[in-house]
J.: 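Just dropping this structure here.
For reference, positions follow the sequence shown, starting with 1.
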Amino acid sequence: LHSFPTRRSSDLGYCSAQCSYDNAVYVEPGEEQIFYTGGAGASGPLPTSFMRSDNGGTSFADKVRSADMSTALHADVHFITSWPGQPNRLWTSNDGGVWRSDDRGDNWVNVNSNLQTTQFSGCDLHPSDAGVIYAGSQDNGTEGREGTNGNIWKHLDFGDGGFAKIDQN
C-alpha cells in the first residue's frame, strides 16, 4: 500500500511557468531521496529550470550552471535520465539540444557539436530566389540563409524565433 507524498514548502512555486510543455522529473534508481526536476524555471533563486534534491525534496539546489560557471543548461528542460549503472552520469534534453553531467549535475558538458537539433516553428522562402530562407526556431532565435552558401545559416536574432515572413513585394 502506497502513501501519498507529503507536500513540502520547497515545492511551492514549482511548475508555475509552463509545466504542460516541459516538466521533467527524474528519481535516481535505488536512491529515492535523490531526484531532479527540470522545466522552464521562474524568476528568483528557486525554482530554476534544473534542480537536484538530495533529501527527498526537503530542499533543492540550483544545478543549471556548472560549479565553475563555465557552462549552463539551455532553457526548457524536457527530459532527464542517468546512464544505466552509472547514476552520477546524467543526460538531459532541452530546447538547446542534449547535455551531459558526470557528477550528478554539478558540471555540464554540451554534447551538441555533431547534432542538428534545432526545432523550427516557422519559415518562409523568397518568392524568386530559392537560396533565401528565413526560419524561426524554438528558443534559439531566428536563422537565415541567403544565396548559394549551402547549409551555412546565420544567427539573426535571439529568443523564440517564432514565424518568419518575407515581404512578397
J.: If you round to the nearest 0.5 Å, how far is OG of S49 from NE2 of H78?
T.: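 Answer rounded to 0.5 Å: 10.5 Å.
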J.: Determine the minimum heavy-atom distance between R65 and A72, stating which atoms define it.
T.: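 What the structure gives for the nearest pair is CG-CB, 3.7 Å.
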J.: Between W91 and F79, is the ring centroid distance below 6.0 Å?
T.: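 Not under 6.0 Å, so no.
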J.: Just how far is it from atom CG of D95 to atom CG of D76, taken to the nearest 0.5 Å?
T.: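 Result: 4.0 Å between the selected atoms.
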J.: Is there any salt bridge (Lys or Arg N to Asp or Glu O under 4.0 Å) pair reaching into residues 24-33, and which pairs are they, with sequence neighbours excluded?
T.: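 For residues 24-33, and leaving out neighbouring residues, the salt bridge (Lys or Arg N to Asp or Glu O under 4.0 Å) pairs sorted by first residue read E28-R104.
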J.: Could you walk me through whether Y134 and T142 pass the side chain to side chain donor-acceptor pair (under 3.5 Å) test, one step at a time?
T.: CA-CA 7 Å; Y134 296 104; T142 301; over 6 Å; no
J.: Are Y36 and F60 close enough that their ring centers fall under 6.0 Å?
T.: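 Ring centres of F60 and Y36 not closer than 6.0 Å.
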J.: Quick one: are V111 and S113 in side-chain contact, heavy atoms under 4.5 Å?
T.: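 Sidechains of S113 and V111: no contact.
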J.: Would T92 and N94 satisfy side chain to side chain donor-acceptor pair (under 3.5 Å), going step by step from the backbone distance to the final call?
T.: CA-CA 7 Å; T92 181; N94 52 49; 4.8 Å; no
J.: When you compare the side chains of S101 and D103, does any donor N or O come within less than 3.5 Å of an acceptor on the partner?
T.: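 Yes, D103 and S101 have a side-chain donor paired with an acceptor closer than 3.5 Å.
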J.: State whether R52 and D106 are salt-bridged, where the test is any N-O pair (Lys NZ or Arg NE/NH1/NH2 against Asp/Glu carboxylate O) under 4.0 Å.
T.: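 So R52 pairs with D106 through a salt bridge.
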J.: Less than 4.5 Å apart, side chain to side chain, heavy atoms only: is that true for W99 and L90?
T.: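 Counting from C-beta outward, W99 and L90 never come under 4.5 Å.
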J.: To the nearest 0.5 Å, what is the distance between CG (D102) and CZ (R89)?
T.: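 Reported value, rounded in 0.5 Å steps: 4.0 Å.
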J.: Evaluate the side-chain proximity of Y26 to V77: yes if any heavy-atom separation is below 4.5 Å, no if none is.
T.: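 No; the side chains remain at least 4.5 Å from each other.
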J.: One pair to check against side chain to side chain contact (heavy atoms under 4.5 Å, CB included): V109 and T71. What are the steps and the verdict?
T.: CA-CA 7 Å; V109 176; T71 56; over 6 Å; no
J.: Looking at every non-hydrogen atom in both residues, tell me the closest pair between S82 and P29 and how far apart they are.
T.: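 Here S82 and P29 meet closest at OG-CD, 3.9 Å.
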J.: Treat each ILVMFWY residue as a node, draw an edge where side-chain heavy atoms are under 4.5 Å apart, and state whether V27 and F50 are in one component.
T.: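 Different hydrophobic clusters.
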J.: Is there a path from W108 to V64 through hydrophobic residues (I, L, V, M, F, W, Y) whose side chains come within less than 4.5 Å of each other?
T.: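 Linked, W108 and V64 end up in one cluster.
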J.: What's the shortest heavy-atom distance between G56 and F35, and which atoms?
T.: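 Taking G56 first and F35 second, the nearest heavy atoms are C-CE2, 3.4 Å.
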J.: Same cluster or not: I80 versus W83, using hydrophobic residues (I, L, V, M, F, W, Y) connected whenever any side-chain heavy atoms lie under 4.5 Å apart?
T.: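 I80 and W83: separate clusters.
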J.: Please list, chain by chain and in numerical order, all residues satisfying side-chain hydrogen bond (donor to acceptor under 3.5 Å, both in side chains) with S137, sequence neighbours excluded.
T.: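 With sequence neighbours excluded, S137 shows a side-chain hydrogen bond (donor to acceptor under 3.5 Å, both in side chains) to E143, given in chain and number order.
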J.: With the side chain counted from C-beta on, respond yes when D68 and N107 share a heavy-atom pair under 4.5 Å apart, and no when they do not.
T.: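 When only atoms from C-beta onward are counted, N107 and D68 do touch, with a gap below 4.5 Å.
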